[in-house]
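As structure tokens, the structure follows; a few thoughts come after it.
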Amino acid sequence: MLALGLAIATLGGAYATNVYLNEAANRAQTTLRLAVAALRGHMSRYESLPPLIAENEGVKALVRDPDNAALREDINRYLKSVNTLLESSDIYVMLPDGMTIAASNFDISPTFVGENFSYRPYFYEAMAGERARFFALGTTSLKRGYYFSSPIRIGDAIAGVLVFKVDLDAIENSWAGGDHEIIVSDPEGIIFMTGRRDWLFTGLLPLTPERRARTGETRRYANAVLRDLPVLREARDSGQELMTIGQTGEAREYLVLADDMPEAGWTVKVLLETGSARAQAGTTVLAALLLLGLAGMAIVSLVQRRARLAERMQLQQEARETLERRVAERTAALASVNHQLEREVAERTATEIELRKTQSDLVQAGKLAALGQMSAALSHEFNQPLSAVKTYADNALVLLDRGRAADAGENVSRISALADRMASISRHLRNFARKPNEKLGPVALEGVIEATLEIVAGRIGSAGAQIEQSVEPGLFVRAGSVRLQQVLVNIIGNAADAVEDGPDRRIELSARRAGDTVEIAVRDHGPGIDKAVIGRIFDPFFTTKGVGKGLGLGLSISYNIIKDFDGALAARNHPDGGAEFIVTLASASSSLVEAAE
């Protein structure tokens, strides 16, 4: 692990440094291309202008007659207007002896008029018939600039030189700031453009007497003091050129990229500080060492964990053997207990089946008991129609004997209607009494209530009660019609018992929709339910009636029937007096066919 760490620190450090220096070189290369493009673009803007203005007839006239004051004044103003329009630094005209006779700065001090620049290369190269260019520090203005010159030709003779001076300060000012430095040096290696003022007129190459002499001949930098750039070390690392420069008491290392501008005789360089790249490389190596350390800790932790796991597995094996021995001992004991439990489960299953059968019989018995209680009241309902049938039949015979067939037919129709009424009552009682075997489905509530009221009509009549209905039309519930009738018969019958001896014998029957459910309420105006027993009224065999008046099964059966419908049956004392039973059932769609009973 230690050897691996040393390898990462050495080889990994070198590799990371190479990667980040190459990334920095790519960024510097982009900056270098932009700087060279900006310089070339700025200079190409003015390169073709000197020959164009040299062809001006006024300029040619002036070099032919340099003592013409009026013509000189016109050309001065012309050069000034052109200089202002083109945003150049200066434009001036020179005679073959190097004397300046007109300039765009004729009206300011210091002016080029009257100055002799025959020592400048741009002058004698133009006099030789060439279009020349030259960068220098002005000896008069002491401002740096790039000079373009062109010969002024009159016929085949060169009568003078026209010079443009271009200011490059704007481009240079844009280089200031950032983590890189842009410098431009001349063929002698002297920096004449840079974003750092303290590097201006310093030499990248040693300023030998020969270099100083060549620079002095053209007075390129006028009276500027030339000095060496404090380069402490030059080297190559990861294929990149590096330079260490001492400044303000400290040394900084730069990555150097260069590009030549042969048309101007310049070398443009971008110096990018390597501190950031080396810091990133150091951070990367440190992160790798940290990951290695974490991996080592993880390996040690894993080894320790495996040791603890082996120890724990040994303990678990011993505990498992002990447990298996105890399980074997308990299995024998539990086997006998299990056989006994199986016998008890079988006995309880048989008992439950018997209880279900008994409960079904009790439900039917309760219904038959209710029918027995209603039979006395219903006998009156049947006796009256039967007596009327007897009377109508006797009258019909008499009317037939007298030849009154039409009147006799009317009596027969009445007899038929009375027979239909008794058949309807009998059919509802038969349906109510039989054991239902029905599936749940949509049931029309109005039909169920109508059939229920026909069944309990006799009981209502014997109690002297009145039914007040408030049933919302078109209600369908999810239930079984026969069992729902049984529930309503029980509840309405109990209501009739409650009001039978009271001053107010109204029974209110209502049904309404409540969201996704339907609520059926039966309220009497009797004495209500005793608070002490209201929680027990749905218990089997619990009754508040006297001996022989009830089995205590009606409400218990009704409660279980409604529960089978996934509904609810509740009882309470109404705030205005009397008891109220509320049946809540799920609402069903009227488009479905009612379940067959």
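Since the structure is predicted, the reported quantities are computational estimates derived from the model, not experimental observations. Residue numbers start at 1 and run along the sequence shown. These values consider heavy atoms only, across backbone and side chains, with no hydrogens, waters or symmetry-generated copies.
Contact between Ser558 and Asn490 at its shortest, heavy atoms only, is OG-ND2, 3.1 Å. Across every non-hydrogen atom of Leu440 and Gly480, the tightest pair is CD2-N, 3.9 Å. Counting all heavy atoms, side chain and backbone alike, Ala408 lies closest to Ala396 at CB-O, 3.7 Å. Between Ala496 and Ile507 the shortest heavy-atom distance is N-CD1, 3.7 Å. Between Ala479 and Val443 the shortest heavy-atom distance is O-CG2, 3.3 Å. Between Val489 and Ile455, the shortest heavy-atom contact is CG2-CG2, 4.1 Å.
One finds the CZ atom of Arg33 at 4.5 Å from the OG1 atom of Thr30 (value rounded to the nearest 0.5 Å). Between the CD1 atom in Ile492 and the CD1 atom in Ile449 there is a gap of 7.5 Å [rounded to 0.5 Å]. Considering CD of Glu468 and OG of Ser510, their distance stands at 11.0 Å, rounded to 0.5 Å. Atom OG1 of residue Thr351 and atom CD of residue Glu344 lie 11.0 Å apart, to the nearest 0.5 angstrom. Atom CG of residue Asp394 and atom CG of residue Leu397 lie 6.5 Å apart, to the nearest 0.5 angstrom. Rounded to the nearest 0.5 angstrom, Ile561 CD1 and Gln486 CD are separated by 4.0 Å.
More than 12 heavy atoms of other shown residues, nucleotides or ligands fall within 6.0 angstrom of atom CG in Asn26. Environment of CD in Glu311: sparse, with no more than 12 heavy atoms of neighbouring residues, nucleotides or ligands closer than 6.0 Å.
At a cut-off of 3.5 Å, with distance as the only test, a side-chain donor of Arg459 or Ser462 sits close to an acceptor on the other residue. A side-chain donor-acceptor contact under 3.5 Å links Arg320 and Gln317.
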Start with the C-alpha distance between Leu286 and Leu290, add both sets of side-chain angles, then the distance that settles side chain to side chain contact (heavy atoms under 4.5 Å, CB included), and finish with yes or no.
-> CA-CA 6 Å; Leu286 182 61; Leu290 180 60; 5.6 Å; no
Evaluation steps, side chain to side chain contact (heavy atoms under 4.5 Å, CB included), between Asp497 and Asn494 = CA-CA 5 Å; Asp497 293 340; Asn494 287 342; 4.2 Å; yes
Gln304 and Arg308: CA distance, side-chain angles, deciding distance, side chain to side chain contact (heavy atoms under 4.5 Å, CB included) verdict | CA-CA 6 Å; Gln304 293 178 347; Arg308 289 194 299 269; 3.7 Å; yes
Step by step, work out the salt bridge (charged side-chain N to carboxylate O under 4.0 Å, His left out) result for Asp564 and Arg483.
-> CA-CA 10 Å; Asp564 289 342; Arg483 287 191 289 169; 3.7 Å; yes
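Counting heavy atoms from C-beta on, the side chains of Leu445 and Leu484 come closer than 4.5 Å. In this structure, Val487 and Ile520 have side chains that are not in contact, with every pair of non-hydrogen atoms separated by 4.5 Å or more. Annotation: side chain of Leu453 is in contact with side chain of Gln469 (closest heavy-atom distance under 4.5 Å). Using a 4.5 Å heavy-atom threshold, the side chains of Phe565 and Val477 count as separate. With a 4.5 Å cut-off on side-chain heavy atoms, Leu488 and Gln485 do not count as touching. At a threshold of 4.5 Å between non-hydrogen side-chain atoms, the residues Val303 and Val300 do not count as touching.
A distance-only check finds a donor-acceptor pair linking the side chain of Gln466 to the backbone of Gly464 [under 3.5 Å]. The backbone N or O of Arg27 sits less than 3.5 Å from a side-chain atom of Thr31, completing a donor-acceptor pair.
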Could you list the donor-acceptor pairs under 3.5 angstrom formed by side chains in residues 575-587, with sequence neighbours left out?
from   : atom 1 : to     : atom 2 : distance (Å)
Glu580 : OE1    : Arg572 : NE     : 2.8
Glu580 : OE1    : Arg572 : NH2    : 2.7
Ser587 : OG     : Arg513 : NH1    : 2.9

For residues 323-338, run the donor-acceptor check on the side chains, cut-off 3.5 Å, and write out each pair with its distance to 0.1 Å, sequence neighbours left out.
from   : atom 1 : to     : atom 2 : distance (Å)
Thr331 : OG1    : Val327 : O      : 2.6
Ser336 : OG     : Ala333 : O      : 2.9
Asn338 : ND2    : Glu342 : OE2    : 3.4

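Screening Glu508, His574, Arg505 for a side chain to side chain donor-acceptor pair (under 3.5 Å) involving His525 leaves a single residue, Glu508.
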